Amino acid sequence: MLKRTQRLNEIDDSLIGKTVIINGWVDRMRNLGGIVFLWIRDRYGLVQVVFDPQKPVYEYVKNLSNEYVVAVKGIVRERPKEAKNPNLESGNVEILAEELEILAESKTPPIYTNREEGNEEARLKYRYLDLRRSALQHNLIFRHRVAHLTREYMNSKDFLEIETPYLTKSTPEGARDFLVPSRLKKGSFYALPQSPQIFKQLLMISGFDRYYQIVRCFRDEDLRADRQPEFTQLDLEMSFADQSDVLEIVNGLVKKLYEKFIGIDLGEIPIMSYSEAMEKFGSDKPDLRFEMELQDLTNETFAHEMKFLTPSKGEALKSIRILRSETFSRKVLDSYANSAKSEGLRFGWVKNSNGDLSGSIAKIFKSAGVNLDLKNGEMMITCAGKRSSVNKFLGSVRLDAAKRLNLVDESSVKALWVVDFPMFEWNEEEKRYQAQHHPFTMPYVEDLDKYSSDPSKMRAHSYDLVINGWEMGSGSVRIHTKKLQEKIFKLIGISEKEAKARFGFFLEAFEYGAPPHAGFAMGFDRLIATMLGLSSLRDVIAFPKTTSGTDLMSDTPSKVSETQLEELGIKSEVDE
RNA sequence: GGGGAUGUGGUGCAGUUGGUUAGCAUGCCGGUCUGUCACACCGGUGGUCGCGAGUUCGAGCCUCGUCGUCCCCGCCA
């Protein structure tokens with residue numbers, strides 16, 4: 001075969017007059033009857049090849065079609081003045097073909113590879129063709145570069161990349177596990193790791209001191225645009241370290257990545273407590289690209305004159321201001337009212353229409369004689385009820401309103417740390433507390449005694465990195481004593497017996513000199529998507545799954561043979 | 001598990017109150033064309049309207065069911 005002497009990004013003025021060989025795909029053909037132009041594409045670029053009717057090779061160009069793989073030997077020449085294409089990287093030159101070799105033919109592709117259109121279904125079925133599109137090529141190349149620099153950074157900070165197993169032990173708590181049946185031990189199962197959590201902590205106990213891994217994690221839960229069943233984390237753990245050490249490492253990395261690849265200085269990344277985030281933004285992952293903070297009216301003097309909105313003891317009365325109310329139709333406000341009601345909240349809105357107050361609760365404010373200081377067109381949405389529900393509801397209103405008002409500057413990047421999450425949350429289904437982060441998280445030890453009657457008030461030494469309202473990663477200081485770990489298991493209703501069966505090896509490890517340690521895990525797919533301004537993880541993963549967890553290209557998951565099941569000692573109860 | 005959107009030539013879309021021959025663009029095939037760059041122009045091919053039932057004289061359109069894709073809630077330590 002004619003092997004390439006140049007990649008397509010290398011075809012430029014410096015090669016004028018030289019003979020080159022290029023390899024690539026036919027991106028487009030323009031046959032003008034006499035002269036024929038081809039665009040040849042590879043991963044690096046796009047170059048125009050000319051076929052002159054005077055040359056013998058001209059006879060063969062008619063056999064070509066889109067997506068054929070070809071080798072072209074020819075002379076690089078400057079294009080005629082009028083025929084230069086400034087939109088093309090190589091638009092100053094072209095290759096005059098002397099020889100052509102067809103390396104592979106192609107059927108007419110079922111989707112366009114040179115256009116940004118096509119529905120997801122067809123594109124996922126022919127993912128290998130979709131991946132030829134320059135946008136997806138760009139995303140995956142970008143991802144590679146970020147991974148590369150990430151490794152470089154972690155290495156420079158003396159972190160060791162150490163692999164951990166994929167065939168692991170199923171553990172309670174957290175997401176549903178993907179299970180893998182064991183053939184050698186019929187009736188038993190491995191689980192794919194939801195994260196390498198336990199292993200990286202064991203590596204700390206082994207003395208490796210600083211560990212990281214860019215690693216696949218698996219969670220068998222329903223999908224979203226920002227959630228895939230298998231996804232990649234930058235996982236890290238440090239010994240003799242606390243929260244500030246971890247934040248420093250991660251800050252350094254994120255700032256470096258944004259500076260190098262996006263050209264943005266993230267500046268000082270602020271730290272906000274979980275409770276502040278909830279009170280001000282109604283979210284544990286606030287989008288700080290716009291203001292619109294929640295206001296707490298609970299302690300205002302007029303709060304007890306608010307008729308049905310009056311907060312009873314322990315409840316909250318809060319509001320949010322919307323500057324341009326004209327985009328909020330009655331229908332939108334009704335839908336807010338309905339969702340508030342379904343959360344057991346009382347809801348009302350009031351706006352300034354040409355100097356007069358109107359809206360569902362205008363009368364209440366008027367009779368209470370409150371000066372709301374609303375400018376013309378400004379609206380206030382007010383909500384009363386259980387404090388945590390009020391925050392959550394107004395937080396969702398805040399996001400929805402920002403979307404409607406187009407308040408988000410898509411080119412800006414706002415990162416922050418949210419810290420001191422609650423250690424536990426109540427699981428209504430199982431009627432017990434469970435760890436909000438995970439059960440290996442170090443609690444505020446003083447909270448354990450202080451709030452022994454109300455575990456929901458205990459805080460954890462945990463921290464989330466949030467970028468543009470996306471949870472980018474989370475971490476915590478870990479428990480490193482058996483005694484405390486056992487205490488936590490007890491609090492979340494894991495019996496001593498169960499703890500021993502599930503985590504016995506882990507608890508035992510703590511008896512052999514476990515150093516204080518802390519760590520973090522960053523959602524790598526999300527980070528790439530955020531940096532590229534994409535909302536779907538599918539665009540940064542080469543072979544993603546659909547929202548129902550299938551792969552349309554390979555038709556996965558699929559049935560397996562009866563023999564395979566027998567070998568595993570498994571019988572399917574699903575009817576064919 | 002629930003809600004919403006969607007499914008029409010290979011691809012992207014239109015299709016009125018249910019009405020006779022399902023349009024448009026692009027691709028593909030053939031033709032003309034020696035400087036195009038999403039080449040242009042002329043001609044042509046291509047559709048079980050996701051699938052199944054029902055209502056009706058008549059269904060792409062209405063009803064019920066079902067399947068796929070996308071978005072959201074639940075869920076995701």
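Model, not experiment: these values are computed from the prediction.
With a 4.5 Å cut-off on side-chain heavy atoms, A:L491 and A:L448 count as touching.
For a distance-only test at 3.5 Å, the side chain of A:E82 fails to qualify as a donor-acceptor partner of the base of B:U36. Counting distance only, with no hydrogens placed and no angle test, the side-chain atoms of A:R227 and the base atoms of B:C76 include a donor-acceptor pair under 3.5 Å. With hydrogens and angles left out, the side chain of A:Y126 and the base of B:G10 share no donor-acceptor pair within 3.5 Å. Taking 3.5 Å as the limit, the base of B:C70 and the side chain of A:R538 contain no donor-acceptor pair of atoms between them. For B:U36, the base has a donor-acceptor partner in the side chain of A:R79 [N/O atoms by modelled type, under 3.5 angstrom].
No donor-acceptor pair under 3.5 Å is formed between the side chain of A:T168 and the backbone N or O of A:P165. In this structure a side-chain-to-backbone donor-acceptor pair under 3.5 Å is present from A:R79 to A:V93.
Contact annotation for A:Q54: base contact, defined as any heavy-atom pair under 4.0 Å involving a base atom. At a threshold of 4.0 angstrom between heavy atoms, the contacts of A:P110 are confined to the sugar-phosphate backbone, with no base atom among them. A:A83 comes within contact range of at least one nucleobase, with a heavy-atom separation under 4.0 Å. Residue A:E471 is out of contact with every strand shown, counting any heavy-atom pair closer than 4.0 Å.
Distance, A:R77 CZ to B:U36 P: 14 Å, rounded to whole Å. In this structure, the CG atom of A:N114 is 11 Å from the P atom of B:A38, given to the nearest Å. With rounding to whole Å, A:L223 atom CG is found 9 Å from B:C71 atom P. As rounded to whole Å, 21 Å separates atom P of B:C37 from atom CG of A:L8. Atom P of nucleotide B:C76 and atom CG of A:D177 are separated by 13 Å, given to the nearest angstrom. Look at CG on A:N92: it is 18 Å from P on B:C37, rounded to the nearest Å. The distance from atom CG of A:L129 to atom P of B:G27 is 18 Å, rounded to the nearest whole Å. If you take CG of A:L64 and P of B:C28, they are 13 Å apart, rounded to a whole angstrom.
With sequence neighbours excluded, no residue forms a side chain to side chain donor-acceptor pair (under 3.5 Å) with A:T547. Partners of A:R7 under the side-chain contact (heavy atoms from CB on, under 4.5 Å) rule, at least two apart in sequence or in another chain, are A:R4, A:N9, A:E10, A:D42, A:Y44. Here A:R28 pairs with nothing under the side chain to side chain donor-acceptor pair (under 3.5 Å) rule; sequence neighbours left out. Residues forming a side chain to side chain donor-acceptor pair (under 3.5 Å) with A:D13 (at least two apart in sequence, or on another chain): A:N92. By the side-chain contact (heavy atoms from CB on, under 4.5 Å) test, A:Q54 is found to be paired with A:D52, residues two or more places apart in sequence or in another chain being considered. For A:Y274, the side-chain contact (heavy atoms from CB on, under 4.5 Å) test picks out A:M278, A:D284, A:V418, A:F421, A:P422, A:Q436, with sequence neighbours left out.
A side-chain donor-acceptor contact under 3.5 Å links A:D235 and A:Y211. Using modelled atom types and a 3.5 Å distance limit, the side chains of A:D420 and A:Y463 yield no donor-acceptor pair. Inspection of the A:D551 and A:S554 side chains reveals an N or O donor paired with an N or O acceptor under 3.5 Å.
The residue among A:Q434 and A:P109 whose nearest nucleotide of RNA chain B is located toward the 5' end is A:P109. Taking the nucleotide of RNA chain B with the nearest heavy atom to each of A:G174 and A:N87, the more 5' of the two is matched to A:N87.
Taking the P atom of each, B:C29 and B:U45 are spaced 15 Å apart, rounded to whole Å. Atom C1' of B:G9 sits at a distance of 11 Å from the matching atom of B:G27, rounded to the whole Å. Comparing the P positions of B:C49 and B:U36 gives an interatomic distance of 45 Å, to the nearest angstrom. On the P atoms, B:U66 is 28 Å away from B:C57, given to the nearest whole Å. The P atoms of B:G3 and B:G12 are separated by 28 Å, rounded to the nearest whole Å. Taking atom C1' on both B:G19 and B:C61, the two are 11 Å apart, rounded to the nearest angstrom. As rounded to the nearest Å, B:U32 and B:C67 have C1' atoms that lie 48 Å from one another. Here the separation of B:G15 from B:A22, taken at their C1' atoms, is 7 Å to the nearest Å.
The residue from A:I95, A:N23, A:L15 that alone fulfils the side-chain contact (heavy atoms from CB on, under 4.5 Å) condition with A:Q6 is A:L15. Test A:H480, A:M238, A:M204 against A:P516 for side-chain contact (heavy atoms from CB on, under 4.5 Å) and you get one pass: A:H480.
Comparing B:C71, B:G27, B:G35 by their nearest atom to the side chain of A:T108 picks out B:G27. Of the listed nucleotides (B:U34, B:C76, B:C70), B:C76 has the atom at the smallest distance from the side chain of A:E221. Closest approach to the A:N119 side chain among B:C76, B:G12, B:U34 is made by B:G12 (side chain taken as heavy atoms from C-beta onward).
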- Message: Quick one, A:E98 with A:K73, criterion salt bridge (Lys or Arg N to Asp or Glu O under 4.0 Å). Give me CA distance, side-chain angles, the key distance, then yes/no.
- Response: CA-CA 6 Å; A:E98 301 280 355; A:K73 186 176 184 180; over 6 Å; no
- Audit row: A:D287, A:R289, salt bridge (Lys or Arg N to Asp or Glu O under 4.0 Å) steps and yes/no: CA-CA 6 Å; A:D287 191 338; A:R289 288 175 297 178; 2.7 Å; yes
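Near RNA chain B, meaning a heavy atom under 4.0 Å away, the residues from residues 387-408 of chain A are A:K392. Near RNA chain B, meaning a heavy atom under 4.0 Å away, the residues from residues 544-556 of chain A are A:T546, A:T547, A:S548, A:T550, A:L552. Using a 4.0 Å cutoff on non-hydrogen atoms, no part of residues 477-503 of chain A comes near RNA chain B.
Identified under the side chain to side chain donor-acceptor pair (under 3.5 Å) test for residues 485-495 of chain A, with sequence neighbours left out: none.
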Using a cutoff of under 3.5 Å, can you pull out all pairs of nitrogen or oxygen atoms linking the protein to nucleotides 39-43 of chain B, with atom names and distances?
| residue | atom | partner | partner atom | Å |
| --- | --- | --- | --- | --- |
| B:C39 | OP2 | A:R30 | NH1 | 2.4 |
| B:C39 | N4 | A:N31 | O | 2.5 |

Distances for protein N/O vs nucleotides 1-7 of chain B N/O pairs under 3.5 angstrom?
| residue | atom | partner | partner atom | Å |
| --- | --- | --- | --- | --- |
| B:G1 | O6 | A:D222 | OD2 | 3.4 |

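Relative to the ring axis of A:F290, A:R398 places its NZ or CZ within 45° and under 6.0 Å from the centre.
Aromatic ring centres of A:F510 and A:F440: separated by at least 6.0 Å.
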